[in-house]
Amino acid sequence: MNAPRVSFVSLGCPKALVDSERILTRLRAEGYEIARNHDGADLVVVNTCGFLDSARDESLNAIGSALAENGRVIVTGCLGAEPDVIRAKHPNVLAITGPQAYESVMSAVHEAAPPVHDPFQDLVPPQGIKLTPRHYAYLKISEGCNNRCSFCIIPALRGDLVSRPVVDVLREAERLAKAGVKELLVISQDTSAYGVDLKYQAGQWKDREIRTKFLDLARELGEMGIWVRLHYVYPYPHVGEVIPLMAEGKVLPYLDIPFQHASPQVLKNMRRPAHNEKTLERIRGWREISPDLAVRSTFIVGFPGETEEDFQLLLDWLDEARIDRAGCFKYEPVKGARSNDMGLPQVADEIKESRFRRFMERQQKISAAQLKKKVGKRLPVIIDQSDGMSAKGRTKYDAPEIDGVVHVTSRRPLRTGEVITVKIESADAYDLHGFAA
Ligand code: SF4
């Protein structure tokens with residue numbers, strides 16, 4: 001009897017991607033085959049995103065296409081937390097489960113297409129099925145969030161912070177490193193809060209006791225001899241403790257901090273964690289310890305109540321902070337978010353648009369200036385994609401998918417996943433160009 005074939009759609013952020021990887025790993029471990037197309041598969045699983053209205057539309061459209069092309073569809077992920085919204089548009093889906101509901105997704109799959117027992121199908125690679133290339137992997141350390149940012153519905157969808165015990169995380173990291181992963185991207189909703197819910201509970205790792213805590217985790221990951229990149233960190237005072245690890249070369253000199261804004265009033269209205277912190281001073285202090293620290297961030301323009309003065313403050317702050325990489329979003333009034341009912345005036349669409357443009361222009365100049373400083377240097381570069389003598393890679397200062405790349409030319413063929421030294425010869429607004437030294 002042939003193994004049932006499942007077609008899989010993964011939408012949303014890296015956290016959803018990790019959920020997809022876990023479900024795919026379970027499916028393969030149980031002998032299911034992963035189909036390339038909906039057509040001809042026994043069923044389709046759609047892992048949805050429900051964060052912004054545009055993401056919700058994308059999710060609903062993906063479900064619609066899967067129904068049209070296949071007809072047997074199971075929905076999971078963030079939008080799955082709102083089954084009414086899905087059923088209103090697509091009443092014929094087979095089952096709906098919420099985020100991180102691996103067991104429920106698997107039971108729905110078992111019901112729709114029972115697994116065929118084949119012991120050889122259990123031979124999945126030890127690191128599971130990864131959707132990222134083999135040389136880097138996302139390491140999810142917690143689920144949910146204790147913050148209540150007014151524009152965000154993630155805590156409503158995913159619940160409060162639940163940290164994975166540190167030993168589980170380290171075991172997974174070690175397994176990935178042994179399987180050939182060269183770069184770990186630590187992700188969560190709030191990495192700096194890691195372990196708060198577990199009261200920093202200690203566990204035995206090798207010959208030592210390690211606490212379920214941001215610093216302890218970073219230190220241990222830093223011993224694994226691979227690149228370790230920290231995402232979704234908030235500028236709390238204790239974050240400064242990991243900067244010496246960056247200066248020592250244990251953890252990459254890179255922090256992904258979603259600042260969202262710089263105006264104290266807007267940050268207060270956003271109910272942002274650490275909104276009272278003196279972030280500029282803090283960044284300056286970090287760069288004294290680790291001078292090449294790269295800071296990447298995301299910002300929202302046009303949040304209700306944002307004035308021209310607030311926005312100007314943000315632009316000036318960007319200059320001062322020298323944010324290396326920044327993404328910018330125009331505020332969207334997500335259904336269910338508190339920011340819609342705070343009595344703050346909405347910013348007109350054309351103003352949002354023009355602020356977005358001004359933000360991007362300013363950031364492009366900063367990014368170009370930061371990159372120019374790298375010209376003439378010899379930097380380690382990890383190769384993401386190779387066509388033999390020419391390749392695309394990244395420095396320590398750039399994360400995959402979201403930041404810039406290094407276009408490399410070489411006299412010898414380059415392999416994906418290898419780390420080489422590149423002499424940087426030129427820079428444009430977002431990318432670097434260089435020669436394999
Ligand atoms: S920190 Fe704020 S924006 Fe991020 S997940 Fe938590 S509530 Fe949402």
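Start at 1 with the first residue, then count along the sequence. Start at 1 and go down the list; that is how both ligands and their atoms are numbered.
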- line: Counting only protein N/O/S atoms, those under 2.8 Å from atom 6 (Fe) of ligand 1 total 1
task: Could you tell me whether the side chain of Asn92 and the main chain of Leu67 form a donor-acceptor pair under 3.5 Å?
output: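 No, Asn92 side chain to Leu67 backbone: no donor-acceptor pair under 3.5 Å.
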- request: Give the atoms of ligand 1, by number and element, whose distance to some non-hydrogen atom of Arg272 is under 4.0 Å.
  value: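 Ligand 1 atoms under the 4.0 Å threshold to Arg272: 2 (Fe), 3 (S).
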- line: For Tyr234, the ligand 1 atoms with a heavy-atom partner under 4.0 Å come out as 1 (S), 4 (Fe)
- prompt: Who are the salt bridge (Lys or Arg N to Asp or Glu O under 4.0 Å) partners of Arg325, not counting sequence neighbours?
  reply: Asp398
query: Can you say whether the rings of Phe299 and Phe259 are parallel (under 30°), tilted (30 to 60°) or perpendicular (over 60°)?
result: parallel
- request: Quick one: closest heavy-atom pair of Ile424 and Leu379, and the distance?
  value: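 The answer is CG1-CD1, 3.8 Å.
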message: I want to check something: taking the side chain as every heavy atom from C-beta on, are Arg229 and Leu255 in contact at a cut-off of under 4.5 Å?
response: no
query: Does any donor atom in the side chain of Ser10 or Ser20 lie under 3.5 Å from an acceptor atom in the other side chain?
result: yes
- prompt: Can the ring centres of His231 and Tyr138 be said to be less than 6.0 Å apart?
  reply: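 No, the ring centres sit 6.0 Å or more apart.
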